[in-house]
S.K.: 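One structure, as structure tokens, below. Some questions next.
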Amino acid sequence: MKRVIRLALVVSAAAVSLAFTSSAWASYSPSLTVTASNNKPGAATSLLLGHIQSAADDPTAKDTIYAPLGYGVNLSQAPGTKIGDVSATLILRNGGNAEVAVDGRVVADNPANHPNDQCARGLHQAVWNLNITVAGTPLTIPLYVDAVTAGPEAAFASAKIQFCLAGPIGTPAGAQLEFAFFDVNGVFSNPANTTDRIWRATFTPYVAGTPQPNPAGTTEGQAVVPGRVGLTMATKSLKHGVVVVSGRLTVDGQAFGGGLVELYKGSKRIGKARTKGNGNYTIRIKIKKKTRVLAQVLFLGDLPGCPAPPLPGVPQGCKTGSLSFFAFKIGTARRKK
């Protein structure tokens, strides 16, 4: 999923405002995104989880992410196992509101090391450490992970991931999260059906300008992972080494317009096109010899509202909804003789 992370950062940067609208924070409506590496029922899948908020939002104190019912959950990774990578953009409130990009790794830890952590007290089935460096200072953010099998949450969730964020008060250079993506590998398997999967997250902000969380400001975000995503690809050779690469993008069996299909030769992008209203796309390339090509599409987009009823007990209700998916197809382009 490493390439997916990099592409997600580019796409999300276009989806959120990176300009500072005010030095005073007065709003709060983060978004959750969840992108699956594949949608095959029952199959193991890597997942790219994203937290997106604007520069004008209040800083975030805590996220709790819920995987919907039906997902298989494997939390048996030994301490030291790499779960995935993380890429994020932070705002340095004490550094002239400069934006900095940070990268790091998510590594399994021993849950016995974290029974008294204030963020999520108690013994958890798994703890993953998100390790980054901010303004030259190493920073570790523990993620507390549990399968959900009992209690009220079992009515809508198969697993939950909790983590807390310090800042901007108390972090290097007053760092505040703007958006972050981290992939999770070897943990989840898809539900057995092809219905859409609705992930949920609750976001709790800080009281603006203080190190105190603001539970009354907690909001919900929902993220749709489609149950079916299809990308086709065909090649047609013309004269002088020109090849037309074409295909169709569908989501839940319906044509999907506006998806950006990118064509790669190895790690080099050699073409791109957006799908039309009927889901079709066409890319023209020129080759010198038989060439193996990969077409891929990564979509992260806002929904006009929340796709499901909000969770009970969330003070501000559900404020954001997103749709995300990833698909790829590999083929061979041949030069016409």
Side-chain angles (χ1 to χ4, degrees), residues 1-16 18 31 33-40 45-50 52 84-89 101 103 179-185 223-226 228-238 241-303 322-335:
M1 295 282 281
K2 191 168 185 180
R3 177 185 286 173
V4 180
I5 286 182
R6 305 304 173 193
L7 291 174
L9 287 172
V10 174
V11 176
S12 64
V16 299
L18 301 184
S31 296
T33 67
V34 182
T35 314
S37 63
N38 75 75
N39 301 77
K40 183 179 179 180
T45 184
S46 295
L47 293 168
L48 181 69
L49 306 181
I52 301 172
D85 295 285
V86 59
S87 292
T89 291
D103 298 293
F179 58 85
F181 295 88
F182 66 93
D183 57 333
V184 177
N185 302 296
V224 176
V225 177
R228 290 181 293 157
V229 179
L231 181 68
T232 64
M233 180 175 65
T235 61
K236 182 179 180 180
S237 300
L238 304 179
V242 175
V243 176
V244 177
V245 181
S246 60
R248 190 167 187 253
L249 174 64
T250 58
V251 175
D252 291 331
Q254 302 296 315
F256 191 92
L260 179 63
V261 179
E262 297 179 296
L263 194 66
Y264 285 85
K265 174 186 175 183
S267 60
K268 181 181 179 181
R269 191 175 72 177
I270 58 175
K272 63 179 181 177
R274 289 201 177 271
T275 57
K276 299 177 181 178
N278 59 4
N280 292 343
Y281 70 91
T282 301
I283 303 171
R284 295 172 69 94
I285 60 173
K286 194 167 184 178
I287 61 174
K288 295 181 178 180
K289 59 181 180 179
K290 184 172 72 173
T291 302
R292 193 169 179 82
V293 294
L294 179 146
Q296 68 176 33
V297 57
L298 171 69
F299 182 85
L300 286 82
D302 292 332
L303 295 174
S322 70
L323 171 69
S324 305
F325 59 82
F326 172 74
F328 72 94
K329 197 73 175 179
I330 298 173
T332 301
R334 293 178 171 83
R335 184 181 177 92

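Computed from a predicted structure; not experimentally measured.
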S.K.: Give the intermediate values and the outcome of side chain to side chain donor-acceptor pair (under 3.5 Å) for residues Ser322 and Asp302.
M.R.: CA-CA 4 Å; Ser322 70; Asp302 292 332; over 6 Å; no
S.K.: Mind checking whether Val86 and Asp103 have side chains closer than 4.5 Å, heavy atoms only?
M.R.: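 No; the side chains remain at least 4.5 Å from each other.
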S.K.: How long is the straight-line distance from OG of Ser324 back to CZ of Phe181, given to the nearest 0.5 Å?
M.R.: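 Spacing of CZ (Phe181) from OG (Ser324) equals 8.0 Å.
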S.K.: Val244 and Leu238: side chain to side chain contact (heavy atoms under 4.5 Å, CB included), yes or no, with the steps?
M.R.: CA-CA 8 Å; Val244 177; Leu238 304 179; 3.7 Å; yes
S.K.: Of the non-hydrogen atoms in Lys329 and Leu231, which two are nearest, and what is the gap between them?
M.R.: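 Closest pair (atom of Lys329, atom of Leu231, distance): CD-O, 3.5 Å.
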S.K.: Return yes if some donor-acceptor pair links the side-chain N/O of Asp252 with the main-chain N/O of Arg228 below 3.5 Å, else return no.
M.R.: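 Pair found, side chain donor or acceptor close to backbone of Arg228.
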S.K.: Using modelled atom types only, decide if a donor and an acceptor are shared between the side chain of Ser37 and the backbone of Thr45 within a distance under 3.5 Å.
M.R.: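 No: the side chain of Ser37 does not pair with the backbone of Thr45.
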S.K.: Check residues 277-295 and write down every donor-acceptor pair under 3.5 Å in which the side-chain atom is one partner and the other belongs to a residue at least two apart or another chain.
M.R.:
from   : atom 1 : to     : atom 2 : distance (Å)
Asn278 : OD1    : Asn280 : N      : 3.0
Tyr281 : OH     : Thr232 : O      : 2.8
Thr291 : OG1    : Lys289 : O      : 2.8

S.K.: Please test Val34 against Leu48 for side chain to side chain contact (heavy atoms under 4.5 Å, CB included), starting from the C-alpha separation and ending with a verdict.
M.R.: CA-CA 6 Å; Val34 182; Leu48 181 69; over 6 Å; no
S.K.: Can you tell me if Asn185 and Ser46 form a side-chain donor-acceptor pair at under 3.5 Å?
M.R.: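 Side chains of Asn185 and Ser46: pair found under 3.5 Å.
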S.K.: Picking from Val225, Val224, Leu49, Leu300, what satisfies side chain to side chain contact (heavy atoms under 4.5 Å, CB included) with Thr33?
M.R.: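 So the option named by the test is Leu300.
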S.K.: Can you spot which of Thr35, Leu260, Val261 makes a side chain to side chain contact (heavy atoms under 4.5 Å, CB included) with Leu298?
M.R.: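 The option that passes is Thr35.
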S.K.: Looking at every non-hydrogen atom in both residues, tell me the closest pair between Asn39 and Phe326 and how far apart they are.
M.R.: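 Shortest heavy-atom separation between Asn39 and Phe326 comes out as OD1-O, 4.2 Å.
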S.K.: Does the distance from a Lys or Arg side-chain N to an Asp or Glu carboxylate O, for Glu262 and Arg269, drop under 4.0 Å?
M.R.: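 Salt bridge present between Glu262 and Arg269.
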S.K.: For Arg334, does its backbone N or O pair with a side-chain atom of Ser237 as donor and acceptor, under 3.5 Å?
M.R.: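 The answer is yes, because a donor-acceptor pair under 3.5 Å joins these two groups.
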S.K.: Go through the steps for Leu323 and Phe256 under the test side chain to side chain contact (heavy atoms under 4.5 Å, CB included), then give the verdict.
M.R.: CA-CA 12 Å; Leu323 171 69; Phe256 191 92; 4.0 Å; yes
S.K.: Do you know the tightest heavy-atom contact between Arg248 and Ala255?
M.R.: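 Here Arg248 and Ala255 meet closest at NH2-CB, 3.4 Å.
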